[in-house]
Amino acid sequence: AAKADGRQQPARYAPALSHAMDERARLTDRLQHALRYGGLALHYQPQVDVRNGAVVGVEALLRWTDPELGAIPPARFIPVAEATGLILPLGDWVLHEACRQLRAWVDQGLHLRVAVNLSPQQFRQPGLAAQVRDVLQGHGVAPALLELEITESQAMTDPTQARRTLTALADEGVTIALDDFGTGHSSLAVLKQLPVQRLKIDRTFLQHIPEDTTDGVLVRGVLALARTLRRDVVAEGVENPAQLDFLRRCRCPAYQGWLFAPALPPEALAARLSGEAAGGAAAGAMGCHSA
Ligand code: C2E
Ligand code: MG
Ligand code: MG
Ligand code: MG
């Protein structure tokens, strides 16, 4: 953004700025390379029934390992992809890969709901619902097995557009979850009208539980709201037994977090699920709870 008249550009900011631009250009270049030649993968984090430990679904999380740069976390490359428009081909790749995996699991007798994150640009893309339908049909996957996650802020930025798009998606038979719930200033009037099945309580609210009693009250508040609106809930970022115990006591239906498992490669997830089924703890992956 250098102006022709460079006098007002303080020289001391230039190196940091150009470094940031180099970094962005390099990530963009390498990401394009990954889209073309490989290096992307989806890992899957279980969503677990609080009462009986059964796996009720998984969230697909994008992983990228570059031969030169190593493993790069989504927090670093998703914003770059958003800014450059690369998020659209990247989002396509994620949707296809999730549906390919879904189909492979179904063929193995594993009927797991898979949740896929949608970026703001994807969500604003005209024809999104038709695209989702085509990808599902292309892989022969039942729409009910696919969930789409948008953040609460995405839903609230332009409620009219959000409602239209979410309704079109829901008409295709996929379910919708509101991600990072509690961080995005929801209008309850809007929330009431959105065809959203699930609220995902942001992990910042779980982080200091049980010590932080205010956060505890907030979590209970979201649960009460969800019960009133008949929405399901997943609590994110459950790392220790005390947090799970808290969720059990306030009758939160489901959770996701390192306590149970991080996002796992598909083979590791399948192994973990069949291990638990064999151990008798959960034919739960199939939705038939023993307890
Ligand atoms: P998110 O959708 O809210 O995903 C949850 C994040 O929390 C994931 O980080 C997950 O690994 C992490 N997490 C899970 N359990 C725990 C826990 O117990 N403790 C802590 N501290 N963290 C936990 P990840 O995989 O690094 O992804 C970060 C964000 O990047 C995601 O947040 C999502 O916004 C975005 N993202 C990831 N994959 C995709 C994708 O395929 N498409 C798009 N558009 N965004 C994605
Ligand atoms: Mg998510
Ligand atoms: Mg989240
Ligand atoms: Mg998040």
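Side chains are part of it too, since the values below use all heavy atoms of this structure and drop only hydrogens, waters and symmetry mates. Note that ligands are numbered from 1 as they come in the structure, with each ligand's atoms numbered from 1 the same way.
- Of all atoms in ligand 1, listed by their number and element, those nearer than 4.0 Å to a heavy atom of Gly257 are 15 (N), 18 (O).
- Residue contacts with ligand 1 leave out Gln256, since none of its heavy atoms falls under 4.0 Å from the ligand.
- You'll find the side chain of Glu149 stays beyond 4.5 Å of the side chain of Val116, heavy atoms only.
- Short contacts between ligand 1 and Val94, defined as distances under 4.0 Å to a heavy atom of the residue, involve ligand atoms 41 (O).
- For the 3.5 Å distance criterion, the side chains of Asp92 and Gln131 qualify, holding a donor opposite an acceptor.
- Distances from atom 38 (N) of ligand 1 to the heavy atoms of Ile150, Leu62, Leu118 show the closest one on Leu62.
- Exactly one of Glu236, Arg113, Glu59 qualifies for a side-chain hydrogen bond (donor to acceptor under 3.5 Å, both in side chains) with Gln47. That residue is Arg113.
- Annotation: side chain of Leu169 is in contact with side chain of Leu148 (closest heavy-atom distance under 4.5 Å).
- Close contacts between ligand 1 and Asp179 involve ligand atoms 1 (P), 2 (O), 3 (O) [criterion: under 4.0 Å to a heavy atom].
- Looking at Arg30 and Phe77, their side chains never come closer than 4.5 Å, going by heavy atoms from C-beta outward.
- If you look at Ile78 next to ligand 1, the close heavy atoms, those under 4.0 Å, all belong to the side chain.
- Among Ser119, Ala115, Ala81, the residue whose heavy atom lies nearest to atom 44 (N) of ligand 1 is Ser119.
- When Leu102, Leu145, Val141 are each tested for a side-chain contact (heavy atoms from CB on, under 4.5 Å) with Val114, only one passes: Leu102.
- When atom types are taken as modelled, the side chain of Gln256 and the backbone of Gln45 share no donor-acceptor pair closer than 3.5 angstrom.
- Here is the list of ligand 1 atoms found below 4.0 Å of a heavy atom in Glu236: 3 (O), 5 (C).
- Heavy-atom proximity to atom 4 (O) of ligand 1, evaluated over Leu61, Thr183, Leu206, is greatest for Leu61.
- Within Glu59, the N, O or S atom at minimum distance from the Mg ion (ligand 2) carries the name OE2.
- Contacts with ligand 1 closer than 4.0 Å are made by no heavy atom of Leu90, backbone or side chain.
- Ligand 1 lies nowhere less than 4.0 angstrom from a heavy atom belonging to His43.
- The environment of Arg163 atom CZ is sparse: at most 12 non-hydrogen atoms of other residues, nucleotides or ligands sit within 6.0 angstrom.
- Note on Phe205 and Leu191: same hydrophobic cluster, where clusters join Ile, Leu, Val, Met, Phe, Trp and Tyr whose side-chain heavy atoms are under 4.5 Å apart, directly or indirectly.
- Comparing heavy-atom distances from atom 36 (N) of ligand 1 across Gly91, Pro74, Ala177 singles out Pro74 as nearest.
- Of the heavy atoms in Thr151, none comes closer than 4.0 Å to ligand 1.
- Within the 4.0 Å heavy-atom cutoff, Gly237 counts among the residues contacting ligand 1.
- Here's the thing with Gln45: one of its N/O atoms is less than 3.5 angstrom from an N/O atom of ligand 1.
- Annotation: cation-pi geometry satisfied between Arg272 and Phe260 (NZ/CZ under 6.0 angstrom from ring centroid, within 45° of ring axis).
- At distances below 3.5 Å, not a single donor-acceptor pair connects side-chain atoms of Asp180 with backbone N or O atoms of Thr183.
- With a 4.0 Å cut-off on non-hydrogen atoms, Arg203 touches ligand 1 through its side chain and not its backbone.
- One finds an angle of 90° at the Mg ion (ligand 2) between OD1 on Asn117 and OD2 on Asp179, to the nearest 10 degrees.
- Among the atoms of Asp180, no N, O or S atom falls under 2.8 Å of the Mg ion (ligand 2).
- The Mg ion (ligand 2) lies closest to atom OE1 when only the N/O/S atoms of Glu149 are considered.
- Contact annotation for Arg63 and ligand 1: only side-chain heavy atoms (C-beta onward) come within less than 4.0 Å of the ligand.
- Between Cys250 and Arg220, the closest side-chain pair of non-hydrogen atoms falls below 4.5 Å.
- In Arg251, the CZ atom is not crowded: 12 or fewer heavy atoms of neighbouring residues, nucleotides or ligands sit closer than 6.0 Å.
- Among Leu42, Asp202, Asp180, Val238, the residue whose heavy atom sits closest to atom 3 (O) of ligand 1 is Asp180.
- Proximity of Asn117 to ligand 1, defined as any heavy-atom pair under 4.0 Å, is shared by backbone and side chain alike.
- The Mg ion (ligand 3) has an N, O or S atom of Glu236 under 2.8 Å away, backbone or side chain.
- Side-chain atoms of Thr84 and Leu27, non-hydrogen and from C-beta on, never get closer than 4.5 Å to each other.
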